[in-house]
Amino acid sequence: GDSVTQMEGPVTLSEEAFLTINCTYTATGYPSLFWYVQYPGEGLQLLLKATKADDKGSNKGFEATYRKETTSFHLEKGSVQVSDSAVYFCALSERGYSTLTFGKGTMLLVSP
Amino acid sequence: NAGVTQTPKFQVLKTGQSMTLQCAQDMNHNSMYWYRQDPGMGLRLIYYSASEGTTDKGEVPNGYNVSRLNKREFSLRLESAAPSQTSVYFCASNHPLAGGVDSTDTQYFGPGTRLTVL
């Protein structure tokens with residue numbers, strides 16, 4: 001079955017540091033890939049997505065590129081802020097299906 | 001436009017008690033979902049409803065039932081709560097096109113219900 005593997009956290013960074021959160025996936029078909037973010041005490045929000053190979057999703061300074069050859073969708077940001085502290089979830093959805101398969105989440109803690 | 005709403009926000013039950021978690025969306029979405037979130041486990045799908053009148057099991061359906069009351073509402077019922085059902089429950093909705101992928105397949109999440117079973 002489908003699965004998503006994320007690096008374990010917490011990831012602790014100082015403000016303005018570079019962020020990478022690794023995500024790899026296993027899928028039987030040709031999935032869409034997503035990054036969701038969960039701020040403390042809230043539900044999940046879509047951060048960015050990519051629907052085909054080599055697509056780059058971007059939002060709020062975050063980027064991720066759909067790499068079919070390495071089955072990866074790593075999340076990056078050039079300069080993190082304290083307000084980016086949250087839990088980040090990588091997820092996939094097989095084409096033609098509406099359900100999401102999530103990774104276990106990676107907590108990011110950014111200190112001033 | 002409230003998006004996805006869930007009630008209650010918090011609930012404490014004793015083992016064996018029953019309760020229903022309510023979810024409603026005002027985005028005219030066809031599909032709705034129930035997930036549970038546990039530490040170190042990510043989100044796991046309990047049940048989903050691809051369209052009004054249909055429901056299907058997800059990854060962890062045991063101990064739960066669902067009802068798609070109408071297009072807006074999708075409830076989750078615990079008939080006899082167990083401590084293993086202590087979790088945060090999220091409802092989500094979207095409007096996927098059958099066989100296709102576009103911006104409408106993004107799932108929109110509610111704020112969650114934190115349930116403790118003693």
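Only this structure's heavy atoms are used, side chains among them; waters, hydrogens and symmetry mates stay out. Letters A, B, ... are given to chains in the order of the sequence lines, protein chains preceding strands, and every chain is numbered from 1.
- The pair B:R72-B:D26 does not meet the salt-bridge criterion, since no charged nitrogen lies less than 4.0 angstrom from a carboxylate oxygen.
- In this structure, chain B has no heavy atom under 4.5 Å from any part of A:Q45.
- When heavy atoms are compared at a cutoff of 4.5 Å, B:Q37 approaches chain A solely by way of its side chain, counted from C-beta outward.
- For A:L100, the parts lying under 4.5 angstrom from a heavy atom of chain B are both the backbone and the side chain.
- With salt bridges taken as basic N to acidic carboxylate O contacts below 4.0 Å, one links A:E63 and A:K56.
- A salt bridge is defined here as a Lys NZ or Arg NE, NH1 or NH2 lying under 4.0 Å from an Asp or Glu carboxylate O, and A:D84 with A:K60 fails to meet this definition.
- Here the OH-CG distance, from A:Y66 to A:L33, works out to 4.5 Å after rounding to the nearest 0.5 Å.
- Of the two parts of B:L43, the backbone and the side chain both hold a non-hydrogen atom closer than 4.5 Å to a non-hydrogen atom of chain A.
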